[in-house]
4 protein chains.
Amino acid sequence: MTKTEKKTSRAEQKARRPQEILEAAFEEFTVKGYAATRVEDVAARLGVTKGTVYLYFPTKDVLFEEMFRHMSTPFADLLASVGTLEGSTADQLRALLLLAYEKIADDRKTRELLRLSLSEGTRFPDIVDRHHDEFIAPLIAAVRTLVDEGVASGEFREGAASKFPDVVASSILHVAVWRLMFADRKPIDGPAFIEAHFDLALNGLLPRS
Amino acid sequence: MTKTEKKTSRAEQKARRPQEILEAAFEEFTVKGYAATRVEDVAARLGVTKGTVYLYFPTKDVLFEEMFRHMSTPFADLLASVGTLEGSTADQLRALLLLAYEKIADDRKTRELLRLSLSEGTRFPDIVDRHHDEFIAPLIAAVRTLVDEGVASGEFREGAASKFPDVVASSILHVAVWRLMFADRKPIDGPAFIEAHFDLALNGLLPRS
Amino acid sequence: MTKTEKKTSRAEQKARRPQEILEAAFEEFTVKGYAATRVEDVAARLGVTKGTVYLYFPTKDVLFEEMFRHMSTPFADLLASVGTLEGSTADQLRALLLLAYEKIADDRKTRELLRLSLSEGTRFPDIVDRHHDEFIAPLIAAVRTLVDEGVASGEFREGAASKFPDVVASSILHVAVWRLMFADRKPIDGPAFIEAHFDLALNGLLPRS
Amino acid sequence: MTKTEKKTSRAEQKARRPQEILEAAFEEFTVKGYAATRVEDVAARLGVTKGTVYLYFPTKDVLFEEMFRHMSTPFADLLASVGTLEGSTADQLRALLLLAYEKIADDRKTRELLRLSLSEGTRFPDIVDRHHDEFIAPLIAAVRTLVDEGVASGEFREGAASKFPDVVASSILHVAVWRLMFADRKPIDGPAFIEAHFDLALNGLLPRS
DNA sequence: CATGAATGAGCGTTCATTCAT
DNA sequence: TATGAATGAACGCTCATTCAT
């Protein structure tokens with residue numbers, strides 16, 4: 001308990017403050033929504049007073065926007081790794097979708113950002129576009145790339161899935177929304193659901209023999 | 001019976017008030033969410049003062065709940081009509097899904113109720129269950145019935161879709177969410193999307209030759 | 001049930017309306033006070049709507065004032081009758097005080113008017129004076145007259161009671177206030193209390209032998 | 001410890017706030033009654049805004065109740081001192097009653113609490129009991145003790161005053177009520193009134209020669 | 001005479017934001 | 001950096017009063 005230690009830990013703590021606040025804000029905003037969340041509640045989660053929050057963020061609006069930005073972690077990077085996989089296009093597609101399940105349906109953070117995009121999109125139009133650019137567009141683009149590759153290689157039949165790769169992935173959204181709505185009250189068997197999804201989607205992509 | 005006529009027309013107008021209010025409330029609540037909507041704004045839409053709203057609904061909470069109930073129109077009835085269709089199971093499934101697109105993705109009312117279920121579900125737990133019982137459960141049940149019929153008749157292959165009929169229909173949710181998020185900013189070509197959906201899903205269900 | 005009967009009874013009822021309203025107003029105002037009483041509650045007691053009250057009384061203020069006037073029934077007249085009694089001055093004084101007990105402490109109407117004078121006197125200064133002129137002054141004057149008579153006749157000793165006849169009667173107020181405060185929660189044995197009062201007061205007035 | 005000094009003086013000011021508010025509340029509530037008093041008026045008396053009041057008291061109800069408690073200062077203690085007096089029982093009784101006049105009839109605070117007990121007793125039943133336990137019961141008990149002592153020593157005659165000591169003291173209430181009703185409009189000559197009261201009451205207690 | 005829908009002013013309470021310490 | 005007292009603008013809800021029927 002030397003002074004140096006204290007100082008260090010304090011300095012570290014202070015450097016962490018903004019992030020702590022953003023994470024506390026995330027919890028509050030996702031549970032109550034923007035309007036019903038009080039800045040004081042965010043502060044209380046950290047054991048500080050609301051004045052402290054205003055030390056780091058000038059308004060509740062800004063706090064919300066920066067929280068959203070802070071919690072949005074890049075998805076495109078993850079997707080890039082899929083391109084390096086070996087195996088059939090179908091395998092790669094499976095791997096890609098699995099990744100998307102993890103990122104979108106299993107990850108509470110991303111799920112809640114989806115909720116906020118839907119509920120606060122009117123007040124914060126930017127977050128919707130951010131959500132699209134960050135999660136939806138990269139996923140659809142990646143799916144499209146694989147579908148097109150599969151079609152080119154003859155592994156997949158030509159079909160409308162090239163135009164709307166969304167239809168290949170939309171069950172992921174289904175799980176995400178399901179969990180947002182029902183949480184633990186109507187649990188969903190993730191792996192089994194995914195299996196059903198893959199079963200239908202890949203069979204739908206394969207050429208009729 | 002002149003008096004009766006007069007009375008009727010006025011009585012009608014009074015009888016219409018609650019519905020007018022509920023519909024105005026729908027517009028406000030869906031745009032701003034529960035917390036950010038002011039009772040006065042709801043009233044202003046009708047050109048009345050907030051006192052008038054309180055003449056018909058005792059609290060903002062009740063107004064919201066009754067609005068939700070009022071805007072939730074039965075979906076199960078519609079689905080029942082599908083059972084009477086002729087043609088292949090695939091055709092019936094197509095017809096069913098088409099109906100679901102109309103009810104869930106195309107109908108602004110239903111779409112916005114989905115948004116409210118997601119955004120206000122914490123504050124009004126009942127509406128989530130109502131939404132499930134009203135829209136989700138009947139649709140999934142109907143899809144399951146058809147899928148099972150198709151499997152029984154040999155028209156569809158046996159697969160996980162029986163266990164999770166959701167995966168057959170989840171693209172409908174995708175369109176609904178897409179429109180909630182992007183409205184007219186990123187329009188979606190409905191018919192083409194539906195075609196892509198049917199193309200993938202039905203091919204996914206058919207037996208490998 | 002001829003029409004004539006109905007008409008008559010209706011006409012009678014209408015003629016009674018103002019009084020009915022005033023009496024309903026009395027009940028409400030005494031229980032809740034002026035500010036907390038709603039005109040609608042007064043109306044509801046009669047099974048009519050508030051519009052009806054406004055048919056007879058232009059404002060809530062006027063309703064209150066007229067209610068107070070209506071419930072204030074003359075006390076001076078009663079007192080006058082004491083003057084005609086026979087017997088000793090002490091007997092007459094006893095009779096007078098007994099009358100005052102009946103009028104002030106036992107009569108709910110008068111008791112509640114005292115409460116209203118105390119609680120609403122600021123808003124309605126007139127009612128305080130009315131209450132004084134109606135109940136307090138006549139009583140004190142009557143007591144003074146008897147005391148003076150008793151002193152003149154040698155039945156009472158000379159004392160300060162002539163100057164402040166209030167002290168002879170103030171126990172009556174005590175019972176009234178007691179009942180206003182405690183109602184049935186701390187009942188008071190009226191006759192026994194009165195006996196104690198008379199015992200003390202009359203002995204206090206008699207000359208030291 | 002300069003800092004301490006500064007802090008203390010500021011801390012003192014903050015510590016004083018609740019009392020300042022309670023006292024301002026007392027003034028407003030006694031003049032207008034509970035329902036007609038606006039929290040904003042209480043605040044305005046201190047030159048602050050109503051938000052400040054809510055910093056210290058969660059609701060108007062609580063503000064009223066705590067105000068009542070704050071203004072109720074113990075009376076029993078005072079009465080205890082009477083027991084130590086020397087002199088005849090009559091002298092002691094006189095001293096006791098004098099004390100009660102000071103506390104109940106002369107002290108605006110106590111007088112107004114009586115008014116509030118009568119006017120707001122319905123809404124705040126507790127305050128009536130508090131007023132009884134705080135002022136009425138101790139006084140009556142003290143009077144009873146002295147009366148009984150006097151009877152035991154033969155200084156007072158046996159009479160109903162032992163059963164209802166109230167009758168010995170009720171003129172005090174008379175003055176209190178009088179002042180509540182008429183304030184300065186009908187001033188009462190306190191000392192002279194008291195003299196009259198004592199004259200009657202003590203003569204009433206003494207044995208007939 | 002009676003109704004009750006409608007108004008508008010008002011009040012209790014909340015909360016984002018500021019600022020002196 | 002952190003506090004928390006204070007503000008002021010809202011907002012939910014109420015109610016005296018009006019008026020068309």
Side-chain angles (χ1 to χ4, degrees), chain A residues 10-11 13-15 17 34-43 46-63, chain B residues 3 6-7 9-11 13-14 17 35-43 46-63, chain C residues 10-11 13-15 17 34-43 46-63, chain D residues 3 6-7 9-11 13-14 17 35-43 46-63:
Chain A
R10 249 190 219 168
Q13 188 168 356
K14 297 200 171 171
R17 261 292 138 83
Y34 177 79
T37 292
R38 305 182 318 150
V39 173
E40 198 160 9
D41 293 339
V42 173
L46 297 175
V48 299
T49 59
K50 55 188 166 178
T52 304
V53 174
Y54 280 93
L55 238 39
Y56 297 91
F57 305 96
T59 65
K60 191 184 169 188
D61 275 55
V62 168
L63 174 61
Chain B
K3 245 186 179 177
K6 275 186 198 165
K7 266 186 185 172
S9 68
R10 265 172 235 136
Q13 184 151 11
K14 312 252 150 144
R17 259 291 136 85
T37 292
R38 306 182 317 148
V39 174
E40 197 162 9
D41 293 341
V42 173
L46 298 174
V48 299
T49 61
K50 56 185 166 180
T52 302
V53 174
Y54 281 96
L55 237 40
Y56 297 90
F57 302 96
T59 65
K60 191 184 169 187
D61 274 55
V62 169
L63 175 61
Chain C
R10 249 188 220 168
Q13 187 168 357
K14 296 201 174 174
R17 261 293 136 84
Y34 176 80
T37 292
R38 305 183 316 151
V39 173
E40 198 161 7
D41 293 340
V42 173
L46 297 174
V48 300
T49 59
K50 56 187 165 179
T52 304
V53 174
Y54 279 93
L55 239 40
Y56 298 90
F57 304 95
T59 66
K60 191 182 167 187
D61 275 54
V62 169
L63 174 62
Chain D
K3 243 186 178 175
K6 275 185 195 165
K7 265 186 185 170
S9 67
R10 265 172 234 136
Q13 182 150 11
K14 311 251 149 144
R17 259 290 134 87
T37 292
R38 304 181 319 147
V39 173
E40 198 161 8
D41 293 340
V42 173
L46 297 174
V48 299
T49 60
K50 55 186 167 179
T52 302
V53 174
Y54 281 96
L55 238 41
Y56 297 89
F57 303 95
T59 64
K60 190 184 170 186
D61 274 56
V62 169
L63 174 61

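Here the structure is a predicted model, which is why all the values come from computation and not from measurement. Below, chains carry the letters A, B, ... as their sequence lines are ordered, and counting in each starts from 1.
- Residue C:G51 is the one, among A:A36 and C:G51, whose nearest nucleotide of DNA chain E lies closer to the 5' end (criterion: closest heavy atom).
- Between the CZ atom of B:F57 and the P atom of E:dA5 there is a distance of 13 Å, rounded to whole Å.
- Each of E:dT13, E:dT7, F:dG12 was ranked by its minimum atom distance to the side chain of B:K60; first place goes to F:dG12.
- Side-chain proximity of B:T49 to E:dG8, E:dC11, F:dT3: nearest is E:dG8.
- Nearest-nucleotide positions on DNA chain E place D:T59 closer to the 5' end than the other of A:P58 and D:T59.
- Judged by distance alone with a 3.5 Å cut-off, a donor-acceptor contact links the side chain of C:K50 to the base of F:dT17.
- Remark: side-chain polar atoms of D:K60 are paired, donor with acceptor, to backbone N or O of D:T37 under 3.5 angstrom.
- Checking B:Y54 against C:D61, the closest nucleotide of DNA chain F that is more toward the 5' end is the one next to B:Y54.
- A donor-acceptor distance shorter than 3.5 angstrom exists from the side chain of C:Y34 to the backbone of C:D61, with no hydrogens or angles considered.
- Smallest separation of non-hydrogen atoms from B:A35 and A:A35: CB-CB, 3.6 Å.
- Remark: E:dC15 base-pairs with F:dG8. Criterion, Watson-Crick or G-U wobble with two distances under 3.5 Å.
- Closest approach to the D:R17 side chain among F:dA6, E:dT3, E:dA16 is made by F:dA6 (side chain taken as heavy atoms from C-beta onward).
- With distances taken from any side-chain atom of B:L55 to the nucleotides F:dC15, F:dT3, E:dA6, the minimum falls on E:dA6.
- Looking at heavy atoms from C-beta onward, D:R17 lies out of side-chain contact with D:L55 at the 4.5 angstrom threshold.
- A sub-4.0 Å separation between OP1 or OP2 of F:dA6 and a side-chain N or O of D:Y56 is present.
- Put simply, CG on A:L63 and OH on A:Y54 are 8.5 Å apart, with the number rounded to the nearest 0.5 Å.
- In terms of position along DNA chain F, the nucleotide closest to B:T37 lies nearer the 5' end than the nucleotide closest to the other residue of the pair C:E40 and B:T37.
- For the pair B:R38 CZ and F:dC11 C1', the computed distance is 8 Å after rounding to whole Å.
- The phosphate of E:dC1 has neither OP1 nor OP2 within less than 4.0 Å of any side-chain N or O from C:T52.
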